[in-house]
Amino acid sequence: AQYDRALYIYVNGTPIFWGSTQEILNSTAESDLTLFENLLKGLVEFQIVLPNYIAPRVGVTGYYLLNATLYLYPGKPLSGLPNYFMPLFVNHLGYSYTTLNPRNDLAIQNVNLPNGTQKAMLLLYEEGGYNDEFWYANEPAIRNIEVYYNSMLAGVLNPFETVYTGGIDLFYWKPVTSVNTLSFHMPYYIDLTPLLAMGDQAAISVTVSNLVEAEQVTGSPYFGWDIAGVLMLWVNSSNPMISGQLLTAKSNLMDTSPFFIPGYTGLYYQEASSYYINYTSMLKFKDGVEYASVLQYGKTNAMQTLTDYTQYAYLDEMFAEKSYESGIYNSSLSISGNYPVSMFLDSFETPITNPEVIPYNVSFIQNGTLSLN
């Protein structure tokens with residue numbers, strides 16, 4: 001059974017759906033594609049991607065059946081939708097996809113923006129893998145997805161603490177899966193409009209914090225993050241931009257790095273991070289002036305207690321993003337979130353046959369709780 005596998009759907013290389021497969025029985029997941037209406041016009045190519053890991057020597061030779069349906073609802077054409085899409089980090093198969101790890105923790109792409117771009121929005125999808133499938137229980141536990149625009153910190157995205165099917169404990173998610181498992185619906189939008197004042201050429205880069213530190217702490221390089229993205233533009237080619245000026249440019253990002261404190265019963269871990277971003281610009285077009293502003297801020301706290309028999313982990317992410325454009329084009333965006341997760345696990349085992357003879361039998365008791373909001 002090919003469960004807990006990543007499942008992607010692309011249109012002309014642009015990601016429109018990211019999720020994972022169910023562990024047992026059938027499942028259905030949906031994604032609202034209204035934002036991509038202009039992308040879906042005319043002749044388009046759909047790509048459905050399911051990495052199917054085959055290991056015949058251990059009997060893994062299964063396949064996966066998938067039906068995909070595009071639902072169209074008649075009505076009046078919507079205004080205010082993006083009309084230009086630039087998929088980022090396109091791989092050799094023609095779709096947006098890259099993997100970041102401690103040995104390669106930066107993805108970068110140079111883009112040329114069409115003149116007449118009035119608004120720019122970045123949409124990202126992410127998924128932690130390998131040892132970072134449940135990154136919030138690792139040390140260090142904080143993972144900020146940082147986005148840079150011409151080497152300036154443009155935004156920080158806080159990943160949701162997804163629990164994948166069968167994850168953490170085999171008995172937790174049968175047959176129920178946790179929120180977001182089958183379809184990754186995270187508010188991962190960054191308004192880049194104020195940075196259009198820097199010109200029509202831009203280098204967009206993405207990195208994930210603490211990957212290098214994770215390898216230093218554990219000695220293992222197997223911490224991976226899958227990233228896909230698209231730059232969505234609102235373009236009016238008949239109204240080119242004449243000039244732009246950044247009126248406000250402030251950004252800072254802080255991480256305390258992990259603290260490990262020996263205690264009487266075990267080891268204690270603590271870490272915190274925070275960020276603040278504010279850009280405001282004046283964009284002069286042939287037919288008028290537009291003012292654009294974006295404000296982002298957030299913080300993350302992580303704590304863990306580790307002993308021989310128990311583990312307690314707590315992580316809380318809080319974030320907000322507010323932006324507006326006014327003048328020849330008017331829009332606004334307001335996103336805020338709070339992602340707390342806490343886990344406790346204790347276990348005890350004792351041999352009931354000779355432990356010198358392998359395999360041997362044990363009596364095993366486990367108690368675990370998980371709270372995800």
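Along the sequence shown, residues are numbered consecutively beginning with 1. Since we're looking at a predicted model, the values are computed, not measured.
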Query - Min side-chain heavy-atom separation Q311-T305 under 4.5 Å - result: no
Query raised in the report: With distance as the sole test, does W234 use its side chain to make a donor-acceptor pair with the main-chain N or O of G80 at under 3.5 Å?
Result: yes
Query raised in the report: Do any N or O atoms from the side chain of N236 and from the backbone of S238 form a donor-acceptor pair under 3.5 angstrom?
Result: yes
Report summary line: When rounded to the nearest 0.5 Å, the distance separating CE of M232 from CG of L81 is 10.0 Å
Query raised in the report: In the hydrophobic clustering that connects Ile, Leu, Val, Met, Phe, Trp and Tyr at side-chain heavy-atom distances below 4.5 Å, which members other than Y309 occupy its cluster, ordered by chain and number?
Result: none
Query raised in the report: Is there a donor-acceptor contact under 3.5 Å linking the side chains of N158 and Y275?
Result: yes
Query raised in the report: Any side-chain heavy atom of L253 within less than 4.5 Å of one from L153?
Result: yes
Query - Backbone N/O of I352 and side chain of N361: donor-acceptor pair under 3.5 Å - result: no
Query raised in the report: Within a strict 4.5 Å, meaning less than it, do heavy atoms of the E161 and L315 side chains meet?
Result: yes
Report task. Go through the side-chain N and O atoms of S323 and D191 and say whether any donor and acceptor fall under 3.5 Å apart. Result -> yes
Query raised in the report: So which heavy atom on A154 is nearest to which on Y149, and how close?
Result: CB-CB, 3.9 Å
Query raised in the report: Is atom CZ of F364 surrounded by more than 12 heavy atoms (other residues, nucleotides or ligands) closer than 6.0 Å?
Result: yes
**Report entry** Evaluation steps, side chain to side chain contact (heavy atoms under 4.5 Å, CB included), between F134 and V163
**Finding:** CA-CA 7 Å; F134 304 99; V163 179; 4.2 Å; yes
Taking distance alone, no hydrogens or angles, what donor-acceptor pairs closer than 3.5 Å link side-chain atoms of residues 213-228 to residues at least two apart or in another chain?
unit_1	atom_1	unit_2	atom_2	d
E215	OE1	R103	NE	3.2
E215	OE2	R103	NE	2.9
E215	OE2	R103	NH2	2.5
T218	OG1	A214	O	2.8
T218	OG1	S220	N	3.2
S220	OG	N131	ND2	3.4
S220	OG	Y222	N	3.2
W225	NE1	D132	OD2	2.8
D226	OD1	Y97	OH	3.0
D226	OD1	T99	OG1	3.0
D226	OD2	Y97	OH	3.3

Requested in this report: Please check if the side chain of T256 supplies one atom and the backbone of A272 the other of a donor-acceptor pair under 3.5 Å.
Outcome: yes
**Report entry** Straight-line distance of D308 CG to D346 CG, nearest 0.5 Å
**Finding:** 13.0 Å
Report task. Examine Y297 and I335 and state if one hydrophobic cluster contains both, with Ile, Leu, Val, Met, Phe, Trp and Tyr joined whenever side-chain heavy atoms are less than 4.5 Å apart. Result -> no
Report task. Would you please indicate yes or no on a ring centroid separation below 6.0 angstrom for Y339 and F319? Result -> yes
**Report entry** Single hit among L247, L192, V294 for side-chain contact (heavy atoms from CB on, under 4.5 Å) with Y279
**Finding:** V294
Query - Gap between atom CD of Q366 and atom CD of E349 - 0.5 Å precision - result: 10.5 Å
Query raised in the report: To the nearest 0.5 Å, how far apart are CG in L182 and OG in S27?
Result: 5.0 Å
Report task. Return yes if a side-chain donor-acceptor contact under 3.5 Å exists between N144 and E317, otherwise no. Result -> no
Query raised in the report: Run the side chain to side chain contact (heavy atoms under 4.5 Å, CB included) check on N210 and D255 step by step: do they pass?
Result: CA-CA 9 Å; N210 277 332; D255 193 313; 3.5 Å; yes
Report task. Determine whether L88 and L122 make a side-chain contact, defined as any pair of heavy atoms from C-beta on separated by less than 4.5 Å. Result -> yes
Query raised in the report: Heavy-atom distance under 4.5 Å between the side chains of N278 and S293, does that happen here?
Result: yes
**Report entry** S281 (side chain) donor-acceptor with P194 (main chain) under 3.5 angstrom
**Finding:** yes
Query raised in the report: Cluster question for you: counting only ILVMFWY and a side-chain heavy-atom cut-off of under 4.5 Å, with indirect links fine, are F89 and F85 together?
Result: yes
Query raised in the report: More than 12 heavy atoms of other residues, nucleotides or ligands under 6.0 Å from OH of Y291: is that the case?
Result: no
Report task. Given side chain to side chain donor-acceptor pair (under 3.5 Å), test T14 with N12 step by step and report yes or no. Result -> CA-CA 6 Å; T14 296; N12 292 346; over 6 Å; no
**Report entry** Atom of F17, atom of A29 and distance for their closest heavy-atom approach
**Finding:** CZ-CB, 3.9 Å
Query raised in the report: Are D316 and M318 close enough that some pair of their side-chain heavy atoms sits under 4.5 Å apart?
Result: yes
Query raised in the report: Does the side chain of K119 come within less than 4.5 Å of S331's, by heavy atoms?
Result: yes
Query raised in the report: Between S363 (side chain) and P351 (backbone), is there a donor-acceptor pair under 3.5 Å?
Result: no
Query - T21 side chain to R5 backbone, donor-acceptor under 3.5 Å - result: yes
Query raised in the report: F344 vs Y312 aromatic rings, parallel, tilted or perpendicular, using cut-offs 30° and 60°?
Result: tilted
Report summary line: Here the gap from Y314 atom OH to M303 atom CE, rounded to the nearest 0.5 Å, amounts to 6.0 Å
**Report entry** Shared hydrophobic cluster for F285 and M282 (ILVMFWY, side-chain gaps under 4.5 Å)
**Finding:** no
Query raised in the report: Which pair of heavy atoms, one from M86 and one from N112, lies closest together, and at what distance?
Result: CE-O, 3.9 Å
Query - Spacing of CD belonging to Q118 relative to CD1 belonging to I328, to within rounding of 0.5 Å - result: 4.5 Å
Donor-acceptor contacts under 3.5 Å from residues 35-46 side chains, at least two apart:
unit_1	atom_1	unit_2	atom_2	d
N38	OD1	K41	NZ	3.1
N38	ND2	P82	O	2.8

Report task. Indicate yes or no for a side-chain donor-acceptor contact from Y10 to the backbone of S96 under 3.5 Å, with no hydrogens or angles considered. Result -> yes
Query raised in the report: Are the side chain of N180 and the backbone of F184 linked by a donor-acceptor contact shorter than 3.5 Å?
Result: no
Report task. Taking all non-hydrogen atoms of both residues into account, name the closest pair between P102 and V212 and its distance. Result -> O-CG2, 3.7 Å
**Report entry** Short side-chain to backbone donor-acceptor contact, Q47 and L93, under 3.5 Å
**Finding:** yes
Requested in this report: Determine whether the side chains of Y269 and E271 contain a donor N or O and an acceptor N or O closer than 3.5 Å.
Outcome: yes
Query - Check against side chain to side chain contact (heavy atoms under 4.5 Å, CB included), L124 and V206 - result: CA-CA 10 Å; L124 281 184; V206 177; 4.2 Å; yes
Query - Transitive ILVMFWY side-chain link V289 to Y329, under 4.5 Å - result: no
Query raised in the report: Is there side-chain contact between L345 and T310, with at least one heavy-atom pair below 4.5 Å?
Result: no
Requested in this report: Carefully, step by step, assess I277 and V156 under the rule side chain to side chain contact (heavy atoms under 4.5 Å, CB included).
Outcome: CA-CA 9 Å; I277 301 168; V156 175; 4.2 Å; yes
Query raised in the report: Taking all non-hydrogen atoms of both residues, which atom of V341 and which atom of Y136 are closest, and how far apart?
Result: CG1-CD1, 4.2 Å
Query - Heavy-atom pair with the smallest gap, counting every atom of G266 and T307 - result: CA-CG2, 4.1 Å
Report task. Determine, stepwise, if the pair E146 / Y148 fulfils side chain to side chain donor-acceptor pair (under 3.5 Å). Result -> CA-CA 7 Å; E146 306 165 19; Y148 293 85; 2.8 Å; yes
Query raised in the report: Per the side-chain contact (heavy atoms from CB on, under 4.5 Å) rule, which among L72, V11, L70 passes with L33?
Result: L70
